[in-house]
Amino acid sequence: MPIVDRIGAFHDEMTAWRRDIHAHPELGFEEHRTSDLVATRLEAFGLEVYRGIGRTGVVGALRVGNSTRSVGLRADMDALPIQETTWLAYRSRHDGKMHACGHDGHTSMLLGAARYLAETRNFEGQVYFIFQPAEEGLGGARAMIEDGLFEQFPCDAIFGIHNRPKLPVGKFAVRSGPMMAGGGFFDIDIEGMGAHGARPQAAVDPVIVASHMVGAIQSVVSRNVPPTETAVVSVTRLHAGDAYNVIPQSARLGGTVRAFSREVMELVERALERIATGVAASYGARARIDFRPVFNPTINAPPEAEFAASVCAELVGTENVERNPPLIMGSEDFSFMLDRVPGCYINLGNGDAEGGCEVHNPGYDFNDEALPLGASFFARVVETRLARTAD
C-alpha cells in the first residue's frame, strides 16, 4: 500500500497511541487526559503548542521558512456515551463511554503526520494541527472558533478526515460541494388540561394532540421541501403522563432534522412551527417549539476537493478514490470550520470485513491498518500545498 515510508516505520507507535486513547475515552469538553497526551506528544516533536482553545482543544504550530502560506489539519478527540461491548484488550476502561466513532484513530493519524512533518520539514509555510474537542453535538468547533482559532492561526485552507466503515482500507472517498447534512434538534411542548382518565370530556388531552402532531409532521418533507432537495424529519421522543388513570396536563415530543442547505433547514423550522401551533389550537391546547440548529451542512470547496482527491490518487491510485460518493445524512461539527475557511473533508476506508459495524455502535473499533494512510494524506497535503518555491 503506497504510504509515506517514514510514517509506515512508526505504524506500531501510532497504533499504541490509538489504543491508549481508545482505552481511556472522554466525553465532549472532558478530554483532559487526551488533550494532555496530544500536547505532550506535539511538544516532544518540537512544535509550538497552545492549550485550552475551545476549553479542551489543542493546536500545534509548525513553521518552516518565511512564507505566510498556511494549512490547517483537524482531528476530533471526544468519545460517545456508549457502553462498549467488545472484548478487546484495549477496550474502554470507563463504563458508559467509548470511542465508537473512530476519533481515537483520527487523533492518532494527525499526531503521526505532525511527527513526520516535524522531522522532515519538507515544506515552506505554516501548518496548524487542530485537535478539536466535543464534536458529538456539543459545539466544539464553534467553541474553538469563538476562542479566536482562525484569528490566532489563520489558515488558507483546512482539511479533515473521517473513517468510513464498509469502504475497504486503501480507498478514499472525496465529494465536492455538499457532503454531509446539517442537523438540528427540536422539542415541542404541548399544554392541555389534565383530568381523570374516566372523564375525558373534562380534559384537553395533550396525548391526542401529540399523536396528531406526529402524523402531521410527516408531511413536512413530502409537502414542503422541493422534490429536488433532500431532507429528513424524525420524531424520536414522546413523553406524557405518569399514571394509568390520569390524562396529563402536558406532553413533549422531540426529534431531529437533517438537510443539505440552510434554506431547507429554515423552511422545515417554519413548517414545524406552523404545524405545532395549528394542531394544538385546533384541539384547544397550546404549543411551543424550541428548534436548535446543531450542525451546519458540511460543504467542501470545489478547488480544495479537487486538490484533496489528487493527493489521495497520488497515494493509492485514481481507481481507489471514489469521486462521487453518496450524500451522507449524518452531520459533522467540522462544517463550522468549513464555513470560515475553504477546505475539504474526506472519508478514509475503515474496512469491509464481514461482521464489521457502523460507527456509533457498541461493537465498533477503528481499523489500525488505516492509520498510516490517514497520516500520509495529511503529510502529502502539506508537502504539496506548501511545496518549497524556487529561490
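Numbers here are sequence positions counted from 1.
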Determine the interplanar angle of the His212 and Tyr283 rings, folded into 0 to 90°, and report it as parallel if under 30°, tilted if 30 to 60°, perpendicular if over 60°. tilted
Would you tell me whether Asn163 and Tyr364 have side-chain atoms, one donor and one acceptor, within less than 3.5 Å of each other? yes
No-hydrogen, no-angle side-chain donor-acceptor test under 3.5 Å, Asn367 and Asn350: no
Which of parallel (below 30°), tilted (30 to 60°) and perpendicular (above 60°) describes His106 and His162? perpendicular
State whether Glu43 and Arg51 are salt-bridged, where the test is any N-O pair (Lys NZ or Arg NE/NH1/NH2 against Asp/Glu carboxylate O) under 4.0 Å. yes
Parallel under 30°, tilted from 30 to 60°, perpendicular over 60°: which one fits the rings of Phe186 and Phe291? parallel
Ser335 (side chain) donor-acceptor with Glu332 (main chain) under 3.5 angstrom: yes
Answer yes if Phe185 and Val221 sit in the same cluster of Ile, Leu, Val, Met, Phe, Trp and Tyr residues linked by side chain heavy atoms under 4.5 Å apart, and no otherwise. no
Tell me, with the steps shown, if Lys97 and Glu26 meet salt bridge (Lys or Arg N to Asp or Glu O under 4.0 Å). CA-CA 7 Å; Lys97 302 175 185 178; Glu26 297 171 300; over 6 Å; no
Do Asp352 and Lys166 meet the salt-bridge criterion of a basic N to acidic O distance under 4.0 Å? no
Does a side-chain heavy-atom distance below 4.5 Å link Glu135 with Phe295? yes
I'd like to know whether CE of Met193 has more than 12 heavy-atom contacts from other residues, nucleotides or ligands below 6.0 angstrom. no
State plainly whether the residues Arg142 and Asp147 are in salt-bridge range, i.e. N to O under 4.0 Å. no
Between Ile188 and Arg288, is any pair of side-chain heavy atoms under 4.5 Å apart? no
Within a 6.0 Å radius of atom CZ on Arg33, are there more than 12 heavy atoms belonging to other residues, nucleotides or ligands? yes
ILVMFWY cluster, Met109 and Leu373 together (side-chain gap under 4.5 Å): yes
Taking the side chain as every heavy atom from C-beta outward, state whether Pro248 and Pro206 have any pair of such atoms under 4.5 Å apart. yes
Is it true that Arg18 and Asp20 have a side-chain N and a carboxylate O under 4.0 angstrom from each other? no
Do Ile21 and Leu80 belong together in a cluster built from hydrophobic side chains that touch within less than 4.5 Å? no
Evaluate the side chain to side chain donor-acceptor pair (under 3.5 Å) criterion for residues Gln132 and His103: first the C-alpha distance (whole Å), next the side-chain angles of each, then the deciding distance (0.1 Å), finally the verdict. CA-CA 10 Å; Gln132 181 204 310; His103 297 185; over 6 Å; no
Looking at Ser234 and Gly255, would you say the former's side chain and the latter's main chain have a donor-acceptor pair under 3.5 Å? no
The single option from Tyr128, Tyr345, Phe307 that satisfies ring-ring contact (aromatic ring centres under 6.0 Å, His included) with Phe159 is Phe307
In terms of side-chain geometry, is the basic nitrogen of Lys171 or Glu322 positioned less than 4.0 Å from the acidic oxygen of its partner? no
For Arg258 and Thr256, which I'm curious about, is there any donor-acceptor pair between the side chains at under 3.5 Å? yes
Quick one: do Arg340 and Glu151 satisfy salt bridge (Lys or Arg N to Asp or Glu O under 4.0 Å)? Show the steps, please. CA-CA 11 Å; Arg340 297 288 298 270; Glu151 287 76 25; 3.2 Å; yes
Should we count CG of Asp5 as having more than 12 external heavy atoms under 6.0 Å? no
Carboxylate-amine/guanidinium contact Arg6 Glu383, below 4.0 Å: no
Sidechain N-carboxylate O distance under 4.0 Å for Arg385, Glu304: yes
Between the side chains of Glu13 and Arg115, is the shortest nitrogen-to-carboxylate-oxygen separation below 4.0 Å, so that they form an ion pair? yes
May I ask you to say whether Arg323 pairs ionically with Glu306, meaning some side-chain N is under 4.0 Å from a carboxylate O? yes
Are His24 and His94 side-chain neighbours, meaning at least one heavy-atom pair lies under 4.5 Å? yes
Side chain to side chain contact (heavy atoms under 4.5 Å, CB included) partner of Phe378, the single match among Leu111, Leu110, Val311: Leu110
Does atom CZ of Arg63 have more than 12 heavy-atom neighbours, drawn from other residues, nucleotides or ligands, at distances under 6.0 Å? yes
